[in-house]
Engineer: 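To start, I am sharing the structure in question, which I have written as structure tokens.
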Protein chains: 2
Amino acid sequence: MATIRDVARVAGVSIATVSRVFNNHTLVNPETASRVLEVASQLEYWPNGAAQSLTTRRTHTLGVMLPELFGEFYSEVIRGIDRESRAHDYQILLSSSHSNGEEVLIAGRAMLGRIDGLIMMAPDEASIETVERVRRRVPVVLLNPRIEVEGCCSVAFENFSGARAAVEHLVGLGHNDIALITGPQGNVDAEERARGFRRALADAGLDPDAALVIPGDFRESAGYEAGVAILARRPRPTAVFAANDCMAVGLLAALRAAGRRVPRDIAVVGFDDIAMAAYLNPPLTTVRVDACGLGQQAVELMMGAMEAGATGGSVRQLLPAVLTVRQSCGAASAGTGYLEEAAGGAGPVRRGRK
Amino acid sequence: MATIRDVARVAGVSIATVSRVFNNHTLVNPETASRVLEVASQLEYWPNGAAQSLTTRRTHTLGVMLPELFGEFYSEVIRGIDRESRAHDYQILLSSSHSNGEEVLIAGRAMLGRIDGLIMMAPDEASIETVERVRRRVPVVLLNPRIEVEGCCSVAFENFSGARAAVEHLVGLGHNDIALITGPQGNVDAEERARGFRRALADAGLDPDAALVIPGDFRESAGYEAGVAILARRPRPTAVFAANDCMAVGLLAALRAAGRRVPRDIAVVGFDDIAMAAYLNPPLTTVRVDACGLGQQAVELMMGAMEAGATGGSVRQLLPAVLTVRQSCGAASAGTGYLEEAAGGAGPVRRGRK
DNA sequence: CGAAAGTATGAAACCGTTTACATACACAGC
DNA sequence: GCTGTGTATGTAAACGGTTTCATACTTTCG
């Protein structure tokens, strides 16, 4: 509760001097300084953050806005952001699970004056107004943006080429009736992955429009239901590409419940490479994206943008999405997925920085 | 960049009126109000958060401090905090991965004046000073505290009884040579779980000191190494209790790599019930704790504490830890763990709120 | 010895809000 | 025509810091 004034009074100096001591700005008499420090610690004086950022216009805080905080992917992103922010001495102000543009606007408003920059995940049309308004005061970095915004940096995954590689792999294994379980409509990642799926089929001389496409929503339950639908289909597809791993998990469960063997009866490929993918039965072939790295990249771009101020251009960055072959696609001949990766005596692998 | 003064000037009113319009405080002439609103939107005026919290002394932000942001457990906790905060219109200021007391203190200092309350995870001796200092200004809620702090609410899991139930279950299945893989030294959860382990053995007439205890650190790799050590032991334990699921995952991998079957050769029980536990091969018997619920509870206690101000007592809350029997312990006779839970046509279960 | 340069500190303006208090006006009741 | 009551708005003082500029006191040096 002690303010800078209290410290000044007790120490017998002016508030300017106290401020100088705490920001070791200009040279202060060492004797005075130690006296001030002494009094400050006695009074348990801690500078008030709000007041500081009001005058300095710096908050040492990064705003983070997510559409939802659901599933492992998002928490990995946050972990990446958090880790990198800490390295740069920034804290993060989190606001998530906004379902519509109005909410996003309110959240953005609440952040204003409290952040030095904003990292926004998967902005869509509804949140574009917020982005524009925030952008006029602090730098904004977009994660997997649906639409690029003039003057904003962005980081995204190579969803398209990742999905294409996955489906090409299935085609290469001899499959020519491949089903797709899509992500939620309107989701960029989902759409890009669907586009990659179609392109791979087309490139292989197959008709994308003839393929079975089941709408999903990135959740496990959607995968389960899709599995039921796929099993009912005649002729039955010989392979399925799920637009994310969560749905692949549900799909595997549905197939198992029906007594089908994977990959013998049906091959399955997912997307994301979540932590449990390697532990599934069978280990899931999927496309690996480094969610944590995405967050880190975003922070690094942000640091650059803050340094450059309004003069900096807007960097667009693409992070790789790499096909990771395990057993659910039927390509791997031996090993257990987990062991393959863990082998070498070094113990289990961890997905770490970069 | 427009301030309240700009709006006032253009609209031809005083700043007080503008402020009143935005806080729809006392009655303002509707005509004046709409004019102010009009000007404000034209000027893209957004109130400055830092300035607001300086005068009102409310930030609508909760501080969250974690020792590390690693593994699914923590991200679940954050999700719970985030979700509940949003419901109460609070944002969260996150600061994590502090390795020593000094860092915690700095982080706490940076938060001061920016938060209305602090939720601190797993505080130890090193961070106690920070807690004490913060506590003098805003309410503090402790998560799984190593030491209770006078005047702080806290939420924790019933680690002790959960672990005891797990080990009792193994004993009930006929095991009398049970090994323990511990968590990191100094971690409360780890120690409580170890205590539950010993108690269960003692209650069953077995000597806790005779049991094989392997020090771990909650990471997968520690579980793997522990597995190797356990297999080398003669006579070989017939069951293992891992202090968390991550280590159980590593353990299972080590056992599989050595060609041992679980639970036929060795029974395994974990703790936490992370998402992948039900998907492991075999599905992992473990003790379920609701990490997300922990976060939510913390926020609810915080809301109460903020309302009560300094007058409120300090609530201590315990959340249940429930044994969840799957197949790795050898008790379940049929089903696949996943299917058992997912059965009923309702699709896969999700761990949701409460 | 006096001017110039350097060091240590204080006074006061400012950051962008909220809010207690004062003021101004309109209208009712006597 | 006063006084009393509402309503609508303005003035100015906080809130807790940072920072520019001014001031006072030492040194240094020609």
Side-chain angles (χ1 to χ4, degrees), chain A residues 1-37 39-40 43-61 109-116 133 136-138, chain B residues 1-37 39-40 43-61 109-116 133 136-138:
Chain A
M1 293 283 283
T3 73
I4 196 171
R5 267 167 252 273
D6 299 322
V7 176
R9 187 167 32 75
V10 176
V13 296
S14 75
I15 58 168
T17 301
V18 178
S19 174
R20 276 190 279 254
V21 169
F22 272 80
N23 301 289
N24 46 17
H25 225 32
T26 38
L27 13 198
V28 178
N29 188 327
E31 211 171 293
T32 313
S34 75
R35 181 154 41 95
V36 168
L37 253 16
V39 170
L43 262 45
E44 294 203 342
Y45 166 70
W46 276 11
N48 180 304
Q52 280 181 316
S53 40
L54 185 55
T55 44
T56 60
R57 293 155 174 294
R58 311 214 82 248
T59 61
H60 268 259
T61 302
R109 208 171 113 166
M111 283 188 167
L112 222 76
R114 302 178 197 277
I115 56 174
D116 292 341
R133 288 178 87 140
R136 230 148 299 169
R137 345 232 160 176
V138 296
Chain B
M1 293 286 282
T3 75
I4 198 172
R5 263 169 256 274
D6 299 322
V7 177
R9 187 165 33 75
V10 176
V13 297
S14 76
I15 57 169
T17 301
V18 178
S19 174
R20 277 190 279 256
V21 169
F22 271 81
N23 300 290
N24 45 17
H25 225 32
T26 39
L27 15 197
V28 178
N29 187 326
E31 211 171 295
T32 314
S34 76
R35 183 156 38 98
V36 167
L37 252 17
V39 171
L43 262 44
E44 294 203 341
Y45 166 69
W46 275 10
N48 179 305
Q52 281 180 317
S53 41
L54 185 56
T55 44
T56 60
R57 293 156 172 293
R58 311 213 81 248
T59 61
H60 267 258
T61 302
R109 205 171 117 166
M111 281 188 169
L112 222 77
R114 302 178 197 277
I115 57 174
D116 292 340
R133 288 179 86 140
R136 230 150 295 171
R137 346 234 159 171
V138 296

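No hydrogens, no waters, no symmetry mates; every other heavy atom, side chains included, goes into these values.
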Engineer: Minimum heavy-atom separation for B:T61 to B:R114, with atom names?
Structural biologist: CB-O, 3.4 Å
Engineer: Decide yes or no for B:P47 and A:R109: does some side-chain heavy atom of the first lie under 4.5 Å from some side-chain heavy atom of the second?
Structural biologist: yes
Engineer: For B:N23 and C:dA20, give me the distance from atom CG to atom P, rounded to whole Å.
Structural biologist: 12 Å
Engineer: So which heavy atom on A:A50 is nearest to which on B:G113, and how close?
Structural biologist: CB-O, 3.5 Å
Engineer: How many angstroms lie between atom CG of A:L112 and atom CZ of A:R133, to the nearest 0.5 angstrom?
Structural biologist: 9.5 Å
Engineer: First and last nucleotide of DNA chain D touching chain A, 5' to 3', heavy-atom cut-off 4.0 Å?
Structural biologist: D:dG16 to D:dT19
Engineer: Output yes when a side-chain donor or acceptor of A:S19 lies under 3.5 Å from a complementary backbone atom of A:I15, and no otherwise.
Structural biologist: no
Engineer: Less than 4.0 angstrom between a side-chain N/O of B:Q52 and OP1 or OP2 of C:dT18, yes or no?
Structural biologist: yes
Engineer: Looking at C:dG16, I'd like to know if its phosphate oxygens (OP1 or OP2) sit under 4.0 Å from a side-chain N or O belonging to A:R57.
Structural biologist: yes
Engineer: Before you tell me yes or no, could you show the steps for A:R137 and B:E44 under side-chain contact (heavy atoms from CB on, under 4.5 Å), namely the whole-Å CA-CA distance, both residues' side-chain angles and the distance that decides it to 0.1 Å?
Structural biologist: CA-CA 11 Å; A:R137 345 232 160 176; B:E44 294 203 341; 3.8 Å; yes
Engineer: Could you state the CG-P distance from B:L54 to C:dC15, rounded to the nearest angstrom?
Structural biologist: 14 Å
Engineer: I need the CZ-P distance between A:R137 and C:dC15, as an integer number of Å.
Structural biologist: 16 Å
Engineer: If you restrict it to nitrogen or oxygen atoms, what contacts under 3.5 Å exist between nucleotides 8-13 of chain C and the protein, and what is each distance?
Structural biologist:
from, atom 1, to, atom 2, distance (Å)
C:dT9, OP1, A:T32, OG1, 2.5
C:dT9, OP2, A:N29, N, 3.0
C:dT9, OP2, A:T32, OG1, 3.4
C:dG10, OP2, A:S14, N, 2.7
C:dG10, OP2, A:S14, OG, 3.0
C:dG10, OP2, A:T17, OG1, 2.8
C:dG10, N7, A:R20, NH2, 2.8
C:dG10, O6, A:R20, NH1, 3.3

Engineer: To the nearest Å, give me how far apart CG (B:D6) and P (C:dC15) are.
Structural biologist: 11 Å
Engineer: Step by step, work out the side-chain contact (heavy atoms from CB on, under 4.5 Å) result for B:V138 and B:D116.
Structural biologist: CA-CA 6 Å; B:V138 296; B:D116 292 340; 5.6 Å; no
Engineer: Do B:T3 and B:N48 have side chains that get closer than 4.5 Å, going by heavy atoms?
Structural biologist: no
Engineer: Atom CZ of B:F22 and atom C1' of C:dT17: how far apart are they, to the nearest Å?
Structural biologist: 12 Å
Engineer: Looking across every strand, which nucleic acid part, if any, lies under 4.0 Å from A:S19 by heavy atom: base, sugar-phosphate, or nothing?
Structural biologist: base
Engineer: Considering only heavy atoms from C-beta outward, does the side chain of A:V21 approach that of A:V18 to under 4.5 Å?
Structural biologist: no
